Amino acid sequence: ETGVTQTPRHLVMGMTNKKSLKCEQHLGHNAMYWYKQSAKKPLELMFVYSLEERVENNSVPSRFSPECPNSSHLFLHLHTLQPEDSALYLCASSQDLVDSYGYTFGSGTRLTVV
Amino acid sequence: AQSVTQLDSQVPVFEEAPVELRCNYSSSVSVYLFWYVQYPNQGLQLLLKYLSGSTLVKGINGFEAEFNKSQTSFHLRKPSVHISDTAEYFCAVSDKGGSEKLVFGKGTKLTVNP
């Protein structure tokens, strides 16, 4: 148990589907992150939330839509995805944006777009 | 802004051999340094971190890393590896006291062969 829980662990979706990824942490952290990890590519930071406000959006296509309803939950809503969006999506949290303790990661959601 | 370079994308070694995974960083300010490990189909797990003080940092699973400010390096070492150490290892840096978030290297895939 890492302290950050992601569901589902695996997701297969068609290009016309709408689905959501969920991330939950009960560590009392104030910052949460979405990362994309594709094969043979470095980790890509997608979104950053601090105290439920989005503080960073790294040129992510609008087919990815994040939502942070409270400090414990983070969602990534997906619609009309492309096959190149297939990847491992990782959620992380930290006490604050600048945190000497580092980030706590979830186990990820393996997304396959068909 | 900080950046991290992991010089080796893949490192194959035999079981019980020593290993060193290299990491260099660039930053104009003082930094925190981290090593994370990712086992197959898992999220990232914190292995060790350097915040201040002693330049030799010990982490979990027998790993250690040495901070070298003059060479801007934070290489990860283990004197004798096991098959179970096969994983991907990520070096990361964050700006001390600033607003910069964690910046990750591209990762080094360590494969331990029998």
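The structure presented is a predicted model; accordingly, all values stated were derived computationally and were not measured. In what follows, chains are A, B, ... by sequence order, proteins preceding strands, each numbered from 1.
Of the atoms belonging to Leu44(B), heavy atoms from both backbone and side chain fall under 4.5 Å from chain A. Heavy atoms closer than 4.5 Å to chain A are found in the side chain of Phe90(B), but not in its backbone. Using a 4.5 Å cut-off between heavy atoms, Val55(A) does not touch chain B at all. For a residue to count as touching a neighbouring chain, one of its non-hydrogen atoms must lie under 4.5 Å from one of that chain's; by this rule Gln6(A) does not touch chain B.
For Lys106(B), the NZ atom counts as loosely surrounded, since its 6.0 Å shell holds 12 or fewer non-hydrogen atoms of other residues, nucleotides or ligands.
A heavy-atom distance below 4.5 Å is found between the side chains of Gln38(B) and Leu88(A). Taking the side chain as every heavy atom from C-beta outward, Tyr103(A) and Tyr36(B) approach each other to under 4.5 Å.
Looking at residues two or more places apart in sequence or on another chain, you find a side chain to side chain donor-acceptor pair (under 3.5 Å) between Ser20(A) and His77(A).
No path of Ile, Leu, Val, Met, Phe, Trp and Tyr side chains, each step under 4.5 Å between heavy atoms, connects Tyr33(A) with Leu74(A), placing them in separate hydrophobic clusters. One hydrophobic cluster, built from ILVMFWY side chains closer than 4.5 Å, cannot hold both Leu45(A) and Leu78(A); they sit in different ones.
Cluster partners of Val12(A), by chain and number: Val114(A). The rule joins Ile, Leu, Val, Met, Phe, Trp and Tyr whenever side-chain heavy atoms lie under 4.5 Å apart.
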